[in-house]
Structures are given as C-alpha cells and as structure tokens.
Amino acid sequence: MMLHAPAHMLSKLYDGNPKVLVLADGLIPFGRAQTHLDHYLFAQGQDGRFILQGANDEAGLHALELPPTNVWAIWVPAPVSAATLEQMKDWCIGKGGERFDAVIVEGGHDELVQALLGRSLQETRRLANSNVALMRDVAAMRESWESHVRIPAEIEQLLQNLRLSSPRLIFDNGETPGQRTLPVGPSERARIVQRLPVGARGLLGFDLRLTGVSDPRGSLFARLVARDTGAVLAEGRTTSHNLTTGWLPFRLQRAMSISAHATDLHIWTESDSGGPVAELAIVSTGLLSEFRVAQDGADARDPEVPHMLALRLWGGLPGVDILSAEGELGNGPLAAFTMSVPDLVVQSVSLTRELSAPYPVFGYMEHGKVLLRPLKSIPSAAVLRLPPTRGLVEVSCEIFIDDKRCETPGLGARIVVTRRGATVEEAENAEGALAATDWVELNEPLKTSKLIARLPDIWNEPVDVHLFSRLPKPGPVPPYGRVVFKGFETQVHAGSAWERSPVMLQASAPA
C-alpha cells in the first residue's frame with residue numbers, strides 16, 4: 001500500500017471536495033499554494049511508506065486501499081526518486097481505474113497553478129455540457145406531459161368537487177344498544193382517555209353524548225393527542241352553562257393535515273366543588289376491545305365488558321377551511337353534512353309485503369347492502385326505520401343488479417321517505433310522503449344508480465325509508481334479477497345539525 005493515514009482523516013480524504021495530494025521525501029516545509037483546494041501532505045519515510053503529515057500515532061494508521069476521491073493533482077514540490085513516483089502512478093491507476101484522472105505535477109508553485117487552471121476549465125466545460133443536457137431533458141419531459149399525460153378534464157372536475165364536498169360522518173357508535181354512563185374525572189389527572197378508531201389526517205371533529213350535568217359551576221376540557229409521539233394536536237374547553245344532555249359537538253376550523261396514525265382523546269373537568277361536572281354515555285366495544293376507554297389509568301367500569309365512549313367522528317378534506325372561528329360554515333357550497341347510515345340501523349330493515357320463493361329474495365347483506373328482489377305483479381316492499389336526525393334534508397342510496405347474468409332490462413327501484421308508521425300503500429302512493437324519488441330503471445348488471453329523496457323542509461323527527469323494486473311489467477319472475485340497495489346516507493342542514501353551537505378546538509400543531 002502506497003499511502004497511510006490515521007482513521008480520523010479518512011472521512012476528509014474520501015469526501016467530495018476537490019483536493020491536492022502533496023508528496024515529499026521527508027517532513028520538509030513547503031509553501032502551500034493559494035488554490036482554495038484542500039492540500040494533504042504525505043511524507044515518505046525510510047520504509048518507503050507515504051504517511052499523512054500530522055499522524056503522531058503510527059499504531060492508528062490505516063493503509064489506503066484506494067486513492068482519495070476527487071483528486072485534481074498530485075504535487076511533487078521536491079525531487080522524489082523516479083522509481084517511487086512511477087510506482088505511485090501505477091498504484092493510482094491500478095486502484096483508481098480509468099476515472100482517476102489526476103495529473104502529477106513535478107515542480108514549483110507555478111506549475112501546480114497552471115495544472116489546476118487547466119482542470120478548472122475542464123470541469124467548467126463538463127458542467128456546462130451537463131446543464132445543457134439537463135435542460136434538454138426537462139424540455140422533453142414538459143413536451144411529453146403536455147402531449148401525452150395531460151390530466152383529463154374529468155379528473156380536474158372531480159378534484160374541484162372534492163374540495164367543495166361537505167364534511168362527512170366517518171364513525172358513529174351512538175346507536176349501539178345498551179348505553180351506560182361514565183362520570184368525567186374532576187381533574188386532568190383523573191381524565192378519561194379514549195383511543196379514536198381513526199388517525200388525525202382529515203379529522204374535523206367529534207361529538208360526545210352527554211347523559212347528565214351535575215355541577216353548573218365547572219368546565220369541560222377536551223384534548224386530541226398523537227398516540228405515538230404524545231404531541232398535543234388540538235384542545236378546547238366549554239363551561240357547564242353550555243352543557244345539556246344530548247350530543248355535544250367539538251370542531252376544528254379545518255380538517256387536520258397532520259399524519260398521526262393513532263389519536264387519543266383526553267376528557268376531564270374542573271369545578272369549584274371538586275366533583276364531576278358531567279356524565280358521558282359509553283357503549284360496548286364489541287370486537288374492538290383495543291378501543292376501550294380508560295379512566296385514572298385503568299379500564300373504566302367493568303373490565304370484563306370493555307366499553308368506549310359514544311362517539312360521532314367527522315372528517316373532511318385536509319387543510320381546507322370549513323368552519324369559521326365561531327363554528328359557522330366558511331363558504332356557501334358547504335350547506336350540509338353527509339352522514340352514512342350505520343350498519344346496525346340498516347340491519348333492522350324489514351319487509352312490508354310478504355315474499356316467498358325457494359331462493360333468497362330479501363335480506364340484509366354484508367357491508368350495508370339490502371337485497372329486495374322484484375316478484376309477482378306488485379312491487380316488492382321493505383322499510384328502513386331511521387332514528388331522529390336533527391336537520392334532516394335528504395336521504396339517498398345506490399341501487400344495482402348484483403348478478404352479471406341478469407338479461408332483463410327495465411327492472412325498477414324507488415325510495416319514499418315518510419313519517420314514522422306510514423303504511424306501505426300510503427308510501428307507494430306517496431300519500432303524505434316527506435320525499436320520494438321517481439322509478440329508476442336498471443338496464444345493466446353491476447352498474448349503480450343513485451336514488452336521492454330531497455325533503456322540502458328540515459325534519460327532526462324519526463322517518464321511515466320505504467324501499468320498492470318491481471318488474472318492467474307483471475309477468476314471470478326473471479332469473480338473476482337481484483336488485484340490491486346500498487350506501488344509505490342522510491344529509492343534514494349545517495345550521496340545524498347540532499343541538500348547540502360547537503366547541504371550537506384550537507390546533508396546537510399544523511392542521
């Protein structure tokens with residue numbers, strides 16, 4: 001090995017900075033050329049090795065297996081034996097390969113400067129050629145984008161619609177049967193901790209169901225915390241004067257854009273009496289036992305039956321202003337919130353006209369789907385009973401034929417929204433109906449169509465959603481004519497959706 005250097009100098013010898021290697025026969029002083037390059041003096045010892053000047057501990061020396069990187073010149077300011085210099089050339093070319101193009105300069109300062117100026121001009125030309133090639137590639141890429149990968153107008157329109165779409169209810173366990181109550185701890189140390197079943201990105205807020213208010217002189221606090229880092233994402237408070245039984249909404253001005261995969265909700269109260277201010281509804285977690293609520297560092301209530309807070313979680317497009325600081329909607333197109341009907345409610349669908357056949361003609365299917373096959377001479381009918389929804393203005397769903405073998409065109413479907421308790425005949429004739437759709441014909445299997453029943457006024461009471469399906473005309477039952485309803489949603493008026501003004505959360509991290 002020709003060159004030796006201590007370990008702490010290896011990082012400098014092999015970095016990307018231009019450098020000059022100086023070879024000398026012994027530790028002789030020399031005048032360093034003012035070239036703004038790193039100079040490294042290797043002095044040749046009596047054993048023939050070139051050792052980097054300043055290496056006091058020979059035990060820590062490392063033999064270089066490769067020449068240092070980005071060497072512009074090897075300067076020999078004082079005479080060195082021709083055999084040694086030839087051996088150095090062979091070593092550098094043999095180990096460094098064809099890319100090692102440093103010149104060996106024998107002579108004084110002027111010769112070194114001249115060699116470095118030539119290398120500088122060479123590097124300038126190389127960079128200029130690389131820049132021209134880069135500009136040519138960028139121009140070709142732009143031309144390719146304009147000609148071949150332009151975003152279709154339909155995609156641009158879809159993105160624009162997404163930015164204007166209303167906030168959506170993304171989680172709701174409030175209709176779970178068997179609700180119980182849980183007092184909120186009277187201090188931050190006795191807080192309730194609830195892991196949310198969604199991450200932080202896109203989260204717009206949450207609703208808590210209050211079952212009672214016990215102290216009119218207190219405050220309720222809420223805080224969103226990133227579970228993995230412990231960072232506080234948002235927090236807010238409200239006094240007990242604003243608390244009544246029912247859903248209590250907490251909202252952010254805009255949906256969060258921070259990417260926290262797991263989020264915890266912390267709830268606590270403070271009061272002059274030192275006791276709980278309010279009680280919250282809790283429901284069974286079912287199979288989601290990892291979302292059990294904790295209080296005082298332990299599972300709340302019966303550990304054998306895990307419970308979680310009754311929650312409604314709202315989501316929206318991350319980073320887009322949706323609510324003002326006062327909780328009002330920030331722009332006109334966001335006039336309503338869309339809420340998916342929970343599967344537990346869809347499962348309760350029931351027939352209002354008896355159907356009988358040796359094969360499945362009606363029933364709840366997975367993922368919120370309802371099969372209602374048209375039979376006989378009159379429309380098949382079923383009803384879906386929705387609980388009270390404040391500010392209800394619209395009910396919608398999708399319909400399709402779920403068997404691609406169906407060849408019968410003109411199968412029809414319809415929904416009618418009525419007050420609770422209306423008969424099937426009244427619904428079919430739209431007598432006193434709150435809203436109804438026209439009959440929509442299904443002509444292609446697996447292709448979905450939308451049914452939208454818009455109410456003329458805001459409705460806060462329970463409603464029945466009647467489902468109908470029929471044949472194109474009375475006659476034999478066609479094979480594979482399976483009409484399926486899915487994607488049940490309600491839309492609520494923003495100003496009437498909540499039972500009180502929302503508690504605005506102040507974001508503590510970029511949201």
Side-chain angles (χ1 to χ4, degrees), residues 158 161-162 164-177 196-199 201-209 247 249-251 255 263 283 285-288 291 308-318 322 329 333-349 364-372 382-400 402 413 415 417 434-435 437 448-455 458-460 462-467 484-494 496-499 502:
L158 174 61
N161 290 338
L162 286 175
L164 296 176
S165 63
S166 62
R168 303 181 67 85
L169 184 68
I170 56 179
F171 178 83
D172 182 8
N173 64 358
E175 301 302 329
T176 304
L196 299 183
V198 296
R201 184 171 178 81
L203 183 62
L204 177 62
F206 55 89
D207 299 343
L208 298 175
R209 184 186 284 277
W247 288 108
F250 291 80
R251 296 290 182 271
T263 312
V283 297
T285 64
L287 298 177
L288 304 177
F291 296 107
M308 65 187 300
L309 292 178
L311 287 169
R312 294 195 306 197
L313 303 180
W314 296 84
L317 194 68
I322 295 176
L329 287 174
L334 300 177
F337 287 157
T338 301
M339 305 169 56
S340 298
V341 178
D343 285 358
L344 286 173
V345 177
V346 180
Q347 289 178 13
S348 64
V349 65
Y364 173 80
M365 305 167 66
E366 74 280 358
H367 308 305
K369 299 177 183 177
V370 176
L371 169 65
L372 183 61
V383 66
L384 184 62
R385 305 190 187 280
L386 299 186
T389 304
R390 288 186 59 85
L392 179 67
V393 292
E394 183 181 284
V395 179
S396 64
C397 69
E398 294 179 343
I399 53 171
F400 69 104
D402 76 336
I415 62 172
V417 181
L434 301 175
T437 68
T448 59
S449 298
K450 189 82 170 181
L451 295 177
I452 301 176
R454 186 78 179 180
L455 281 67
I458 296 172
W459 191 260
N460 298 323
V463 297
D464 289 345
V465 181
H466 293 262
L467 316 179
V484 173
F485 296 75
K486 70 169 185 176
F488 292 92
E489 293 180 337
T490 58
Q491 200 173 78
V492 294
H493 183 260
S496 306
W498 307 315
E499 299 171 5

Under 3.5 Å: donor-acceptor pair, side chain of Arg251, backbone of Phe206: yes

Note, Trp314 side chain near Asp207 side chain (heavy atom, < 4.5 Å): yes

Point-to-point distance, once rounded to the nearest 0.5 Å, from CG of Leu371 to OH of Tyr364: 13.0 Å

Heavy-atom check, side chain of Val346 versus side chain of Val370, under 4.5 Å: yes

Donor-acceptor contact below 3.5 Å, side chain Asn173 vs main chain Leu309: yes

side-chain contact (heavy atoms from CB on, under 4.5 Å) assessment of Val198 paired with Thr263: CA-CA 7 Å; Val198 296; Thr263 312; over 6 Å; no

Any Leu311 side-chain heavy atom under 4.5 Å of Asp172 side chain: no

Polar side-chain atom of Thr437 near backbone of Ile415 as donor-acceptor pair, under 3.5 Å: yes

Distance in Å, Leu467 CG paired with Ile399 CD1, rounded so as to fall on 0.5 Å steps: 10.5 Å

CA sep, side-chain torsions, deciding dist, call: Arg454, Gln491, side-chain contact (heavy atoms from CB on, under 4.5 Å): CA-CA 9 Å; Arg454 186 78 179 180; Gln491 200 173 78; 2.8 Å; yes

ring-ring contact (aromatic ring centres under 6.0 Å, His included) against Phe488, all qualifying residues, sequence neighbours excluded: none

Of Ile458, Thr389, Val393, the residue whose pairing with Val492 passes side chain to side chain contact (heavy atoms under 4.5 Å, CB included): Thr389

Leu451 side, atom CG; Phe485 side, atom CZ - distance, nearest 0.5 Å: 6.5 Å

Set of residues satisfying side-chain contact (heavy atoms from CB on, under 4.5 Å) with respect to Asp464, sequence neighbours excluded: Val383, Arg385, Thr418, Arg420, His466

By side-chain hydrogen bond (donor to acceptor under 3.5 Å, both in side chains) - contacts of Asp402 (at least two apart): Arg482

Pairwise distance CE(Met339) to CD1(Ile170) - rounded to 0.5 angstrom: 12.5 Å

Any side-chain heavy-atom pair of Trp247 and Leu208 under 4.5 Å: no

Interatomic spacing from NZ in Lys369 to CG in Asp343 - rounded to 0.5 Å: 11.0 Å

Minimum side-chain heavy-atom gap Cys397-Lys486 below 4.5 Å: no

Heavy-atom side-chain contact between Glu489 and Glu394 under 4.5 Å: no

Beyond-backbone contact of Pro388 with Pro462, side-chain heavy atoms, under 4.5 angstrom: yes

Glu398 CD to Thr448 OG1 distance, which is reported to the nearest 0.5 Å: 4.5 Å

Full working for side-chain contact (heavy atoms from CB on, under 4.5 Å) between Leu203 and Leu196: CA-CA 10 Å; Leu203 183 62; Leu196 299 183; 4.2 Å; yes

Beyond-backbone contact of Leu392 with Asn460, side-chain heavy atoms, under 4.5 angstrom: no

